[in-house]
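Structure first, then comments.
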Amino acid sequence: MRSNDVIHFCPPARVVIGCGSRAQLPQLLQRLGYRQGVLVTDEYFTQHTPWVREYVEAGLACGIQTVVYDGGLPDPTTTLCDAATRQLRGQLGEMTPDHVIALGGGSNIDLAKALCLTLIDGSPIRDFVGAMAQAPRCLPLVALPTTAGTGSEATPGAILVDPENATKVAVMDNQLRPVIALIDPEFTYTCPPKVTADAGIDALTHALESYLTLDSFEFDRKDNPDPGYSGRSTLTMSFAREAISLCARYLLRAYRDGSDKEARIGMAYASHYAALSYGSAGLNAVHGIAYAVAGLTHKSHGSTNAVMLPYVVEELSMARRDELLDVARIFGIGDEDEDAAVGKLPILLRDIVAQLGIPTTLAEFGVERAHLPGLLEDALQVTRLASAFPVADVPGAYVRIIERAFEGRLLHEGALL
Ligand SMILES: NC(=O)c1ccc[n+]([C@@H]2O[C@H](COP(=O)([O-])OP(=O)(O)OC[C@H]3O[C@@H](n4cnc5c(N)ncnc54)[C@H](O)[C@@H]3O)[C@@H](O)[C@H]2O)c1
């Protein structure tokens, strides 16, 4: 407890976690009175797994009709969302569904979140981008994540690509948080190594970034009585710390051996605990700069976070020294000299990124020196993330981070681990 914390914690109304827990979903929805649903997924799940068919049949036995949409794609666009809205409203006719189910990684969950808004009256999703003055009307969402993970099953936002200007836009309100987050680790057993790596480093980034972010008592809520994000507190930090410990133990194991069930389960918990932290505390520079890198390079969400993570952590070695020492110890850095331990942490994180097969410098990502000023400007424009970076001079810090990430230079380089 910290007496000056100001907590606004918004978890999903129900969190169900356990191997095989998907089997209980139809009865749970029946009990809650749901009768007509839309299931949003992609073709991998309809064509290569039994999960969609099994759910639809079990739902019918419980009196729940489900229309399946399997047109989901990685990094969904506003155009895809509008096309899905038209298609589904055509299929549903006069009927308005009483719930939406998302089965998939962060991409399908985000598309489903957006559809919870647009299926009500067919409005284009762009109408909901940006700050909403009033909580929007939206359908209840049930999220079944199949990666570990983005944590989108516990966050207030959907991230969509706007093809008109090639940027990612956020649709965000606490109303969009899933009413049920059902985490069945067995869903993740089929993830190929690249998906495991991207999603796993995303989970570690969420945990670390929210563990280190601005405190709740310093966070500017912009007079919103129901803020989606409101800074870290001892509540969010306890989830973040547990998620970091689980990632330290299981991230590389899950990547190296996808059949390692203990590691898969550990990462499923890590992902959700990280989401319970960042889903209320919020994020800052890693995601802020990674969005700009993704805009430039079109690389995956997880990998653009991964390349920035060590350099952002290093920049916080003064402002968040105690927390970083704690994290260094969690990762097994045992140096008696505490400064040396803190200095070795970014090197260790960069080593993990490399072991996951992800580039560790912006140059390796195809970024050129001439791109750096534009990258800096784009990153600083994501003000909701820049303003939560807990240092006095954010632009100066971003300049140093981007420069070092471009060159792959860490200050304690050469220190033996
Ligand atoms: N809304 C949020 O809070 C939030 C947070 C973080 C990331 N995101 C978004 O999430 C997206 C990334 O999500 P992701 O990393 O989960 O990947 P993804 O959803 O983009 O999926 C990537 C690929 O992996 C496949 N896949 C997913 N689960 C699988 C499984 N169990 N077995 C086999 N294949 C599987 C999918 O079919 C897809 O082809 C990005 O668009 C990002 O912007 C959203």
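In each ligand, atom 1 is the first atom listed, and ligand 1 is the first ligand listed. Since we're looking at a predicted model, the values are computed, not measured.
- For the residue pair S303/K194, the side-chain donor-acceptor check at 3.5 Å is not satisfied.
- In this model, a donor atom of one side chain and an acceptor atom of the other lie less than 3.5 Å apart for D5 and S216.
- With a 4.5 Å cut-off on side-chain heavy atoms, W51 and T190 count as touching.
- Sorted by chain and number, the heavy-atom contacts of ligand 1 below 4.0 Å come from D42, Y44, F45, P74, D75, G105, G106, S107, D110, K113, T146, T147, T150, S152, T155, G157, I159, K168, F187, T190, C191, P192, V195, D202, Y278, H301.
- Using a 3.5 Å distance cut-off with no hydrogens or angles, the side chains of H301 and D75 do not pair a donor with an acceptor.
- Judged as a salt bridge (charged side-chain N to carboxylate O under 4.0 Å, His left out), not a single pair has a partner in residues 376-392 (not counting sequence neighbours).
- Note: Y278 and H287 have parallel aromatic rings, judged against thresholds of 30 and 60 degrees for the angle between ring planes.
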